[in-house]
Amino acid sequence: MFISEHTRNIVIASFCMSLCTMANAPATSLQNVALAESTDIDLTVGYYAEVVFSVGALLAGLIFHPIYRTIGIKLTALLVTFLQGASYVAMIWIVNKWVIYVGYFLTGIGLGSLWILWPMVVVNNSSLSNSQRNMGWWFLAVSSGPFFGGLLNYFYLLKVTEISTANRKMVYGICTGIICLVAPVAAIFLTDAKKVKEEKIVLQDLGRVGEGVGMKNYEPLEELETDVDQTPSARAWFKKMAKKRSFWMLFLPLLYWGFIWGYLAKIIPTAIPSIVNERNLIPLSTLLVAMGFVAGSISWNHVARLTNNTFCVILITLMHVAAMTLSILIFPKDAATEILDVETAVTYIEPHKAYVIVISVLIGLADSCVSILYYTVAGKVYENGTSLGFSVNAIGFYVFYVISMFLPTLFDLHTYCYLMLGAVLVMCLALTVGLRKYL
C-alpha cells in the first residue's frame with residue numbers, strides 16, 4: 001500500500017523519538033542513585049550534571065536552525081541522535097565528575113535538538129485540520145518509549161536493593177546500543193517534505209477538537225505552507241513574532257514544563273529510596289508515568305471532543321494539584337538531596353509505594369494533555385517558521401529546567417512542590433486565557 005512522504009516522515013519521527021525516550025528514561029531516573037551507590041561521587045553531581053545538560057540543550061536551541069539549514073535534515077538527525085548517547089557512555093566508564101559533565105553537555109545538545117527536530121517534522125508534515133490528531137499519535141509513540149524502557153528496567157532491578165557497578169554498566173550499555181540503532185534509521189529514511197496543502201484558515205474560536213473538528217467559524221487568514229525552502233529569515237520571523245502576544249504567552253507554560261520534568265527526572269527518583277527499600281520502584285515510577293502518558297495520548301482528544309480543550313486544561317490542573325499534595329505528604333523534606341534512612345525519615349503520613357503509583361499516573365495523564373495542546377498551539381502560532389519556533393521553545397524550556405535543578409540545593413522538597421503548584425497555575429491561565437483562541 002502506498003504511503004505518502006508526509007505520512008512516512010511522521011512514522012519515522014514517532015519511531016525514532018520513541019526509541020530515544022526509551023533509552024533516556026532509565027538513564028535519567030537511575031543517575032542520582034547510581035552515583036550514590038556504585039561510585040564515590042556525591043549525589044549532588046547528578047543535579048549539576050543536569051544543569052550542564054541544560055546548558056547544552058540551550059546551545060542546541062541557538063545552533064539547531066543554522067545547522068539544519070546547512071547540512072540538511074538527514075545529517076542533522078544522524079548527528080544529534082548520536083550526541084544523545086554521550087552521557088550514557090560517560091556513565092559506563094566513570095573516571096571522575098568532569099567526564100560526566102562533558103557527557104551530559106553533549107547529550108544536552110543532542111536531546112535538546114531532537115525535541116526541536118521531531119515536533120518540527122510532525123508539524124511540517126501535517127495540515128492544520130489534522131495537526132492535533134497527528135501530534136497526539138506522535139506523543140503516544142514518544143510515551144511508549146519510557147513505558148518499555150521503564151518496564152525492562154523494572155524487571156532487571158526487581159530484586160536489587162542497591163545499584164552496583166555491574167547494574168549501572170548494564171543499564172547504560174543497553175541505552176547506548178539503542179541510540180546506535182536509531183541514528184542511521186533516522187538518517188536513511190527521513191526526508192525534507194516540501195509542502196502540505198491546506199485550506200485557508202483563521203486561528204480563533206477553535207471550539208472542540210479531534211479529527212475533522214475545529215474547522216468551523218473560521219475566516220480566511222492565509223494559506224499554510226511548510227516548504228522548508230520558504231522558511232523566513234530569522235530576523236524577519238522574530239520581527240513578526242515579536243508583535244504577536246501569543247508568541248510571548250507560549251513561554252509561560254514552559255515554566256511548568258521545566259519544573260515538572262525536574263521533578264520527574266531527579267526529585268522523585270532521588271526521594272523514593274528514602275521511603276522504601278525497593279530500588280525497582282524507581283523504574284516503576286518511570287513506567288507508570290509513561291503508562292499515564294500513553295493513556296492520555298489516546299484519550300485526551302476524545303475527552304476534548306466531548307467537552308472542550310478548556311475543560312481538559314482545568315482537569316489536568318486539578319490532577320497536578322493532587323499529585324503535588326501527595327508528594328508533600330509522603331516524602332521527607334530533605335529527600336531531594338540525600339538518601340535518608342527509611343526507618344527514621346519524617347513524613348506527614350505513613351508512606352507507601354501505592355502513593356508513588358498514584359502520583360506517577362496522575363502526572364503522566366496530565367502532562368500528555370499539556371504536551372499535545374502546547375505543541376499543536378505552538379505550531380499554529382509559529383506558522384511557517386517551525387524550526388525557529390521550536391528552537392526558541394527549547395531555549396525557554398531549558399532555562400526553567402536549569403532553575404529546577406538548582407532549587408533542590410537551595411530549598412527542601414516540599415518548597416519545590418509549592419513552587420510547582422504555582423507553575424501549574426501559570427500554565428493553566430496561559431492556555432485557557434492567553435492562548436484561548438488557538439485551543
Side-chain angles (χ1 to χ4, degrees), residues 25-26 28-38 42-44 46-47 50 146-147 150-151 153-163 167 259-293 318-367 404-405 407-424:
T28 302
S29 63
L30 279 184
Q31 188 212 34
N32 277 12
V33 179
L35 287 176
E37 296 183 343
S38 68
D42 191 78
L43 182 152
T44 56
Y47 284 109
E50 285 295 319
F147 173 83
L151 188 65
N153 211 24
Y154 171 78
F155 284 111
Y156 177 63
L157 299 176
L158 192 57
K159 296 183 179 180
V160 174
T161 58
E162 185 171 312
I163 305 298
N167 295 145
F259 278 36
I260 197 64
W261 282 103
Y263 178 88
L264 292 174
K266 292 298 175 186
I267 288 185
I268 193 168
T270 308
I272 285 173
S274 294
I275 63 170
V276 292
N277 284 321
E278 301 175 30
R279 296 300 179 263
N280 65 322
L281 187 57
I282 298 172
L284 179 61
S285 68
T286 302
L287 172 62
L288 292 168
V289 170
M291 288 176 64
F293 218 107
L318 296 177
M319 288 181 175
H320 278 305
V321 170
M324 290 302 108
T325 302
L326 265 179
S327 298
I328 292 169
L329 293 175
I330 69 167
F331 290 127
K333 284 187 175 182
D334 297 326
T337 53
E338 60 178 307
I339 298 176
L340 305 173
D341 186 278
V342 173
E343 302 298 328
T344 58
V346 178
T347 59
Y348 287 111
I349 63 175
E350 183 70 24
H352 192 278
K353 64 180 180 182
Y355 295 128
V356 177
I357 292 172
V358 172
I359 291 170
S360 302
V361 172
L362 285 175
I363 292 177
L365 281 170
D367 193 57
S404 78
M405 288 298 106
L407 289 178
T409 65
L410 301 174
F411 306 104
D412 60 51
L413 186 150
H414 294 180
T415 302
Y416 187 99
C417 291
Y418 290 128
L419 294 172
M420 181 70 238
L421 288 173
V424 168

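A quick note: this is a predicted structure, and the numbers were derived from the prediction, not measured. Start at 1 with the first residue, then count along the sequence.
Counting heavy atoms from C-beta on, the side chains of P332 and L413 never come closer than 4.5 Å. At least one side-chain heavy atom of I268 sits under 4.5 Å from a side-chain heavy atom of I359. Side chains of P146 and L287 form no contact here, defined as non-hydrogen atoms less than 4.5 Å apart. Contact annotation: the side chain of L264 approaches that of V289 to within less than 4.5 Å [non-hydrogen atoms, C-beta and beyond]. L421 places a side-chain heavy atom less than 4.5 Å from the side chain of M324. The closest side-chain heavy-atom distance from H320 to I260 is below 4.5 Å. Annotation: side chain of L30 is in contact with side chain of L157 (closest heavy-atom distance under 4.5 Å). In this structure, the side chains of S360 and S285 come closer than 4.5 Å at one or more pairs of heavy atoms.
Separating the CD1 atom in I282 from the CD1 atom in I272 is a distance of 6.0 Å, to the nearest 0.5 Å. Once rounded to the nearest 0.5 Å, the distance linking CD of E162 with OG of S38 reads 9.0 Å. Remark: D341 CG to N277 CG distance equals 8.0 Å, nearest 0.5 Å. The line from CG of D412 to OH of Y418 is 9.0 Å long, rounded to the nearest 0.5 Å. Atom CG in L281 sits 7.0 Å away from atom CD1 in I357 (nearest 0.5 Å). Interatomic distance, W261 CH2 to D367 CG, rounded to the nearest 0.5 Å: 5.5 Å.
Partners of L365 according to the side chain to side chain contact (heavy atoms under 4.5 Å, CB included) rule, which considers only residues two or more places apart in sequence or in another chain, are A295, M319, V361. For E50, the side chain to side chain donor-acceptor pair (under 3.5 Å) partners at least two apart in sequence or on another chain are Y401. By the ring-ring contact (aromatic ring centres under 6.0 Å, His included) test, Y416 pairs with F259, sequence neighbours left out.
Between the side chain of H352 and the backbone N or O of I330, no donor-acceptor pair lies under 3.5 Å. Judged by distance alone, the side chain of H414 and the main-chain N or O of I328 form a donor-acceptor pair under 3.5 Å. Under a 3.5 Å cut-off, the side chain of Y47 and the backbone N or O of L407 do not form any donor-acceptor pair.
Between the side chains of S327 and Y263, at least one donor-acceptor pair of N or O atoms lies under 3.5 Å.
Listed here is the closest heavy atom pair of L340 and S274: N-OG, 2.9 Å. Closest heavy-atom contact between A336 and T270: O-CG2, 3.5 Å. Closest non-hydrogen pair, P273 versus V33, comes out as CG-CG2, 4.0 Å. A322 and L362 make their closest contact through CB-CD1, 4.0 Å (heavy atoms, listed as atom of the first residue, atom of the second, distance). The heavy-atom pair separating P26 from N153 by the smallest distance is CB-ND2, 3.3 Å.
Just one of L329, I349, I275 meets the side chain to side chain contact (heavy atoms under 4.5 Å, CB included) condition when paired with Y355; it is I349.
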* Working for side chain to side chain contact (heavy atoms under 4.5 Å, CB included), residues F331 and L326 -> CA-CA 8 Å; F331 290 127; L326 265 179; over 6 Å; no
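Atom CE of M405 sits in a crowded spot, with more than 12 heavy atoms from other residues, nucleotides or ligands closer than 6.0 Å.
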